[in-house]
Amino acid sequence: MGRKKGLPEFEETAPDGFDPAHPYKDPVAMMEMREHIVREKWIQIEKAKIMREKVKWCYRVEGVNHYQKCRHLVQQYLDSTRGVGWGKDHRPMSLHGPKPEAVEVEAEAE
């Protein structure tokens, strides 16, 4: 079984005509923006699930050495789960954003 050729192509960018200051001005653009946000959230959730499976696999394979051997995967998993999910849009970023020391370390690395 191959991939079907008639599948729709989705745009990966936000819609052009959406104005966040007046969201109800263009209902079509508002619905496209809502679909875009939902699609992006599902992508983030699925990426976190994949990382969780990698961590589980690493724990099983490495056994007692998983603290040292899987540390990088656990850190990637924790970073991928920050701010992911439903209902976290209106919370302050300090509660679900990346840790401040992680941002400082990344800034120093660049």
Side-chain angles (χ1 to χ4, degrees):
M1 290 179 49
R3 188 169 183 179
K4 294 181 181 179
K5 292 185 178 183
L7 294 177
E9 291 291 326
F10 292 107
E11 284 190 34
E12 296 181 11
T13 60
D16 296 330
F18 183 70
D19 181 18
H22 304 288
Y24 298 106
K25 183 178 180 181
D26 186 5
V28 174
M30 182 185 71
M31 292 302 293
E32 288 176 354
M33 186 64 178
R34 184 184 297 173
E35 289 174 0
H36 172 73
I37 291 170
V38 169
R39 186 170 39 249
E40 293 300 316
K41 283 184 184 269
W42 276 113
I43 290 171
Q44 291 175 346
I45 289 169
E46 292 302 319
K47 284 181 182 178
K49 286 180 182 179
I50 291 169
M51 285 304 302
R52 183 175 57 213
E53 290 300 317
K54 287 181 180 180
V55 169
K56 283 182 182 179
W57 177 83
C58 186
Y59 276 20
R60 288 185 192 127
V61 170
E62 296 299 336
V64 295
N65 295 327
H66 72 273
Y67 289 116
Q68 289 86 20
K69 303 279 182 162
C70 304
R71 182 180 304 246
H72 67 286
L73 289 175
V74 171
Q75 188 60 44
Q76 287 177 357
Y77 172 65
L78 291 176
D79 291 341
S80 70
T81 58
R82 292 195 190 282
V84 174
W86 304 104
K88 297 185 177 182
D89 295 333
H90 301 293
R91 290 174 45 190
M93 282 300 290
S94 62
L95 296 178
H96 63 86
K99 292 183 179 177
E101 60 269 8
V103 173
E104 292 172 5
V105 170
E106 289 177 7
E108 292 173 3
E110 294 175 353

Just list the side-chain donor-acceptor pairs under 3.5 Å for residues 60-70, sequence neighbours left out, or say none.
residue: H66; atom: ND1; partner: G63; partner atom: O; Å: 2.7

Under 3.5 Å, which donor-acceptor pairs link side chains of residues 46-59 to any protein atom two or more places apart or in another chain?
residue: E46; atom: OE2; partner: K49; partner atom: NZ; Å: 3.4

For this session: Kindly state each residue pair satisfying salt bridge (charged side-chain N to carboxylate O under 4.0 Å, His left out) with at least one member in residues 19-34, sequence neighbours excluded.
Result: none

Problem set entry | Non-hydrogen atoms of P20 and P23 that approach each other most closely | O-CD, 3.6 Å

Problem set entry | Single-linkage hydrophobic cluster, 4.5 Å side-chain cutoff, I37 and Y24 together | yes

Problem set entry | Q76 vs L73 side-chain heavy atoms within contact, under 4.5 Å | yes

Problem set entry | Separation between CD of E35 and CE of M30, rounded to the nearest 0.5 Å | 10.5 Å

